[in-house]
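Keep in mind that what you see is a predicted model, and the values were worked out from it rather than measured. Indexing begins at 1, ligand by ligand and atom by atom, following the structure's order.
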Amino acid sequence: MLRSCTAALRTLRALRGRREGASPAARDPVLARRWFSTEKVIPKDHALPNPSWSKDLRLLFDQFMKKCEDGSWERLPSYKNSKLVKEQLSQAQLFTRGYEDGLGFEYVIFYNDDEKRTVCLFQGGPYLQGVPGFLHGGAIATMIDAAVGMCAAIPGGIVMTANLNINFKRPIPLCSVVVINSQLDKIEGRKLFLSCTVRSADEKILYSEATGLFIKLDPEKSLI
Ligand SMILES: CCCCCCCCCCCCCC(=O)SCCNC(=O)CCNC(=O)[C@H](O)C(C)(C)COP(=O)(O)OP(=O)(O)OC[C@H]1O[C@@H](n2cnc3c(N)ncnc32)[C@H](O)[C@@H]1OP(=O)(O)O
């Protein structure tokens, strides 16, 4: 936990240095290599380990990657930008991917098609603080929405959250790793009903429980 916070703060210090006119490369060669690479820019898959990931997150990631080997689970890639956005919205980014590595939402989602469920491994960084030392409830809700939404979107296609009901049972320590288990419970026409739990990496602490209703968009209806 301490190491991941340290890595996140290193990024933060380098960014501050950049604002103040100092070269991040001079301050941090690791960041410099990452930022000033001459390689062709290709969309970055953010659902892969980076140096801000804690040992706990790496360990769980490796365990799930092993489960992917027989095809029962698959890792879902994740990108900041969507090709769907129009030119004037070219700065649009997926909310959960708008932070430098380690400062905000670090996560990866795995999907099991037979069981219609996802497991999201999530490490909330220092920019997501609410009560000092703990994650902000809105950040937890965001991550639940994204994880449960993904579980709905794979079978449902383009869906939107109509209702999300969360019970926050225990505060989540900042920079710790939690496991968000989401399950598709029922489909009724365009309505997808899901539930989820948020637990500590060792599964001993139940932090939050939630239920969600997602609606498959009707192509005949306009959103506005
Ligand atoms: C492949 C995709 C990739 C995506 C990648 C990125 C994923 C990242 C994931 C990020 C995830 C982030 C996700 C986000 O951030 S989504 C952003 C937050 N959500 C919104 O902004 C949604 C706003 N709401 C709407 O636009 C509309 O209300 C929607 C589209 C949801 C439904 O309007 P629509 O006109 O289409 O449907 P309808 O009104 O005919 O209703 C249909 C049925 O549903 C029932 N109903 C409706 N609402 C409720 C309710 N609140 N409780 C109980 N029931 C409700 C209704 O009674 C009816 O039932 P029935 O009469 O048929 O029995």
Side-chain angles (χ1 to χ4, degrees), residues 42-48 50 57 61 64 68 73-87 89-101 103-125 127-128 130 135-168 172 178-198 207-224:
I42 47 164
K44 182 181 163 191
D45 180 355
H46 291 268
L48 287 168
N50 69 54
L57 187 53
F61 176 82
F64 271 90
C68 291
W73 287 84
E74 66 177 294
R75 184 187 69 85
L76 304 176
S78 171
Y79 304 98
K80 270 186 182 180
N81 307 99
S82 162
K83 283 184 187 144
L84 297 173
V85 293
K86 295 194 180 85
E87 193 63 31
L89 290 177
S90 60
Q91 283 187 310
Q93 293 189 2
L94 187 61
F95 178 34
T96 48
R97 295 299 188 190
Y99 294 83
E100 291 294 324
D101 286 354
L103 295 177
F105 301 87
E106 288 297 334
Y107 65 96
V108 52
I109 301 177
F110 293 89
Y111 181 66
N112 185 313
D113 190 44
D114 288 342
E115 298 173 15
K116 299 286 178 269
R117 70 184 185 102
T118 55
V119 168
C120 171
L121 312 175
F122 167 48
Q123 174 184 297
Y127 274 20
L128 305 185
L135 275 187
H136 194 288
I140 300 167
T142 297
M143 205 56 247
I144 289 175
D145 194 18
V148 179
M150 219 52 213
C151 192
I154 296 171
I158 300 175
V159 296
M160 278 188 104
T161 320
N163 182 274
L164 191 59
N165 210 315
I166 303 174
N167 288 315
F168 298 98
I172 300 178
V178 297
V179 179
I180 306 174
N181 263 290
S182 307
Q183 177 77 53
L184 175 65
D185 297 323
K186 191 172 58 169
I187 301 182
E188 280 176 7
R190 291 195 290 127
K191 295 188 283 190
L192 292 95
F193 297 84
L194 294 102
S195 54
C196 97
T197 57
V198 183
Y207 288 120
S208 310
E209 286 176 320
T211 55
L213 168 63
F214 289 75
I215 310 285
K216 190 175 156 80
L217 295 188
D218 181 344
E220 302 295 309
K221 281 188 186 174
S222 162
L223 272 180
I224 43 172

Exercise for review: Check whether any side-chain heavy atom of Phe64 sits under 4.5 Å from a side-chain heavy atom of Arg75, and report yes or no.
Suggested key: no

Point to revise | Any side-chain heavy-atom pair of Thr96 and His46 under 4.5 Å | key: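 No, side chains not in contact.
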
Any N or O on [X] sitting closer than 3.5 Å to an N or O of ligand 1?
| X | value |
| --- | --- |
| Lys191 | yes |
| Thr161 | yes |
| Ala162 | yes |

Please report which non-hydrogen protein atom sits nearest to [atom], along with the residue it belongs to and the distance in Å to one decimal place.
| atom | answer |
| --- | --- |
| atom 40 (O) of ligand 1 | Lys221 NZ, 2.9 Å |
| atom 10 (C) of ligand 1 | Ala146 CA, 4.0 Å |
| atom 1 (C) of ligand 1 | Gly157 O, 4.2 Å |

Study note, to complete from the structure: So the atoms of ligand 1 within less than 4.0 Å of a heavy atom of Leu217 turn out to be 30 (C)

Review point. Do any N or O atoms from the side chain of Asp45 and from the backbone of Ser78 form a donor-acceptor pair under 3.5 angstrom?
Key: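 Yes; judged by distance alone, with no hydrogens or angles, the pair exists.
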
Pick whichever of [options] has a heavy atom sitting closest to [atom].
| atom | options | value |
| --- | --- | --- |
| atom 15 (O) of ligand 1 | Asp145, Ile144, Leu76 | Asp145 |
| atom 52 (N) of ligand 1 | Thr96, Ile109, Leu213 | Leu213 |
| atom 42 (C) of ligand 1 | Met160, Arg190, Met143, Met150 | Arg190 |
| atom 46 (N) of ligand 1 | Ile158, Ile215, Thr142 | Ile215 |

Exercise for review: Kindly indicate whether a cation-pi arrangement holds for Arg97 with Tyr107, taking the cut-offs as under 6.0 Å to the six-membered ring centre and within 45° of the axis.
Suggested key: yes

Exercise for review: Specify the closest pair of heavy atoms between Val159 and Lys216, including all atoms of both residues, with the distance to one decimal.
Suggested key: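 Of all heavy-atom pairs spanning Val159 and Lys216, the closest is CG1-CA, 3.9 Å.
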
**Study point:** Which atom of Ala152 lies closest to which atom of Pro155, heavy atoms considered
**Key:** O-CD, 3.3 Å

With the threshold set strictly below 4.0 angstrom, can you tell me whether any protein non-hydrogen atom sits that near [atom]?
| atom | answer |
| --- | --- |
| atom 33 (O) of ligand 1 | no |
| atom 4 (C) of ligand 1 | no |
| atom 25 (C) of ligand 1 | no |
| atom 12 (C) of ligand 1 | yes |
| atom 28 (O) of ligand 1 | no |
| atom 61 (O) of ligand 1 | no |
| atom 55 (C) of ligand 1 | yes |

Point to revise | Derivation and outcome, side-chain contact (heavy atoms from CB on, under 4.5 Å), residues Leu135 and Val178 | key: CA-CA 11 Å; Leu135 275 187; Val178 297; 5.8 Å; no

**Study point:** Asn81 and Tyr79: side chain donor to acceptor below 3.5 Å
**Key:** no

Review point. Knowing that exactly one of Arg117, Lys116, Glu115 qualifies, which makes a side chain to side chain contact (heavy atoms under 4.5 Å, CB included) with Asp113?
Key: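 Of Arg117, Lys116, Glu115, side chain to side chain contact (heavy atoms under 4.5 Å, CB included) with Asp113 is met by Lys116 alone.
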
Review point. Hey, which of Ile109, Val148, Val198 is the one that makes side chain to side chain contact (heavy atoms under 4.5 Å, CB included) with Cys120?
Key: Ile109

**Study point:** Worked check of side-chain contact (heavy atoms from CB on, under 4.5 Å) between Lys80 and Leu94
**Key:** CA-CA 5 Å; Lys80 270 186 182 180; Leu94 187 61; 5.6 Å; no

Exercise for review: Name the orientation class of the two ring planes belonging to Phe110 and Phe61 (parallel below 30°, tilted from 30 to 60°, perpendicular beyond 60°).
Suggested key: tilted

Point to revise | Part of Val159 with heavy atoms under 4.0 Å of ligand 1, whether side chain, backbone, both or neither | key: neither

